[in-house]
Amino acid sequence: MDGKPTLWQVEGSLLGVFRDALSSANPSTQPGDKLLLYTDGMDGASFGQLPVGLASLLAAAEEYRTLPIEEMVERLASDLFTQTRQCDDLTLFGLEIVE
């Protein structure tokens with residue numbers, strides 16, 4: 001990977017409620033990679049001058065990609081809703097591959 005965020009689109013059920021698996025068609029992970037799992041509440045995210053939604057989330061993830069995962073998730077959760085109101089419940093979960 002070149003360090004830019006990559007979207008792994010997974011249609012599924014409620015995050016954490018039902019057992020879901022990532023398709024084997026998704027790229028493999030390497031140490032240092034970070035995974036962000038989020039729910040549809042992120043659809044209202046806004047970052048900078050970008051349109052509300054996925055473009056904002058990807059731009060923010062790229063901006064904060066060098067931060068430790070805990071700090072990255074905190075910054076995303078706070079910074080993505082400074083210009084727009086969070087209208088839906090939201091779950092944002094981050095994982096970092098260490099070995």
Side-chain angles (χ1 to χ4, degrees):
M1 303 242 165
D2 61 6
K4 293 189 180 246
T6 302
L7 180 64
W8 292 0
Q9 189 111 17
V10 178
E11 299 296 326
S13 52
L14 299 172
L15 182 63
V17 175
F18 301 105
R19 184 176 283 187
D20 284 322
L22 293 175
S23 166
S24 61
N26 289 320
S28 62
T29 58
Q30 304 295 322
D33 286 352
K34 296 175 181 143
L35 301 174
L36 295 171
L37 306 173
Y38 61 91
T39 59
D40 64 343
M42 196 57 85
D43 293 344
S46 175
F47 189 72
Q49 300 301 314
L50 295 168
V52 171
L54 186 57
S56 284
L57 173 60
L58 290 171
E62 183 171 3
E63 176 78 18
Y64 302 140
R65 72 179 186 254
T66 60
L67 297 175
I69 192 66
E70 297 87 0
E71 190 176 340
M72 182 183 191
V73 168
E74 286 177 23
R75 294 285 303 270
L76 289 170
S78 65
D79 292 0
L80 287 171
F81 291 95
T82 59
Q83 300 174 50
T84 58
R85 191 171 81 83
Q86 184 179 339
C87 297
D88 194 2
D89 62 312
L90 171 67
T91 300
L92 178 61
F93 183 73
L95 298 168
E96 185 167 1
I97 309 301
V98 292
E99 290 185 26

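The figures here come from the full heavy-atom set of this structure, side chains too, leaving out hydrogens, waters and symmetry mates.
Judged by distance alone, the side chain of K34 and the main-chain N or O of L67 form a donor-acceptor pair under 3.5 Å. Judged by distance alone, the side chain of S56 and the main-chain N or O of P51 form a donor-acceptor pair under 3.5 Å.
Using a 4.5 Å heavy-atom threshold, the side chains of L76 and Y38 count as separate. D79 places none of its side-chain heavy atoms less than 4.5 Å from the side chain of E63.
Between A60 and L80, the closest heavy-atom pair is CB-CD2, 3.6 Å. Taking each heavy atom of A61 and M72 in turn, the nearest pair found is O-CE, 3.5 Å. Residues L50 and A59 approach most closely at CD1-CB, 3.1 Å, considering heavy atoms.
Rounded to the nearest 0.5 angstrom, L57 CG and L36 CG are separated by 7.0 Å. Between the OG1 atom in T29 and the CG atom in L95 there is a gap of 10.0 Å [rounded to 0.5 Å]. For the atom pair CD (E62) and CZ (F47), the distance works out to 9.5 Å, reported to the nearest 0.5 Å.
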